[in-house]
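Given the structure is predicted, the values throughout are model-derived calculations rather than measurements.
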Amino acid sequence: MLTAIARASIPRLHILIISRSYPEIPVDELELKGLCKEISQNLFEFTQEETVELFAQNGFQLSAKEQILLCNNTDGWVAAIYLASTIKTKGNCCRW
């Protein structure tokens with residue numbers, strides 16, 4: 001049904017799907033026809049450089065070991081990086 005609605009090209013109608021799993025609609029086909037725009041998870045993930053920069057902006061210099069641990073344990077998710085920064089603020093480094 002959702003595919004039929006998207007194909008109908010109803011003026012000023014926008015559909016937003018947020019999902020942890022890939023939806024069971026022909027996303028590739030709809031995107032090729034200009035009816036759909038996919039924004040993947042990797043566009044939201046912080047790189048190691050961005051993570052280090054964020055910590056530096058908040059007054060923390062991360063050692064090479066901390067950088068690796070942090071990036072491996074957060075997978076670039078900003079919420080997890082933020083929580084790790086609150087732990088670092090409390091002086092509990094390397095507990096990620």
Within the distance-only criterion (no hydrogens, no angle test), does the side chain of [X] pair as donor or acceptor with the backbone N or O of [Y] below 3.5 angstrom?
X: Ser19; Y: Tyr22; answer: no
X: Glu50; Y: Thr47; answer: yes
X: Glu66; Y: Ser63; answer: yes
X: Gln67; Y: Leu62; answer: yes

So, taking the atom named [atom1] in [X] and the one named [atom2] in [Y], what distance separates them when rounded to the nearest 0.5 Å?
X: Leu16; Y: Lys37; atom1: CG; atom2: NZ; answer: 13.5 Å
X: Asn58; Y: Tyr82; atom1: CG; atom2: OH; answer: 9.5 Å
X: Gln48; Y: Cys71; atom1: CD; atom2: SG; answer: 4.0 Å
X: Ile10; Y: Arg12; atom1: CD1; atom2: CZ; answer: 11.5 Å
X: Asp28; Y: Cys36; atom1: CG; atom2: SG; answer: 8.5 Å

Are any non-hydrogen side-chain atoms of [X] and [Y] less than 4.5 angstrom apart?
X: Thr74; Y: Leu83; answer: no
X: Leu54; Y: Phe60; answer: no
X: Val78; Y: Phe46; answer: yes
X: Ile15; Y: Ile17; answer: yes
X: Leu30; Y: Arg7; answer: yes
X: Leu35; Y: Ser9; answer: yes

* **side-chain contact (heavy atoms from CB on, under 4.5 Å) evaluation trace for Val52 with Leu70** => CA-CA 9 Å; Val52 170; Leu70 183 61; over 6 Å; no
* Asked: Would a hydrophobic clustering, with Ile, Leu, Val, Met, Phe, Trp and Tyr connected at side-chain separations under 4.5 Å, put Ile81 with Ile68?
  ->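 No, Ile81 and Ile68 fall in different hydrophobic clusters.
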* Spell out, yes or no, whether Ile39 and Leu2 are grouped together once hydrophobic residues are joined by side-chain heavy atoms under 4.5 Å, including indirect joins. =>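 No; Leu2 is not reachable from Ile39 via cluster members.
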* Taking all non-hydrogen atoms of both residues into account, name the closest pair between Asn72 and Asp75 and its distance. =>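 So the two residues come closest at O-OD1, 3.6 Å.
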* In sequence, state the C-alpha distance, the side-chain angles, and the governing distance for Glu45 and Asn42, and then conclude on side-chain contact (heavy atoms from CB on, under 4.5 Å). => CA-CA 5 Å; Glu45 295 173 356; Asn42 64 346; 4.1 Å; yes
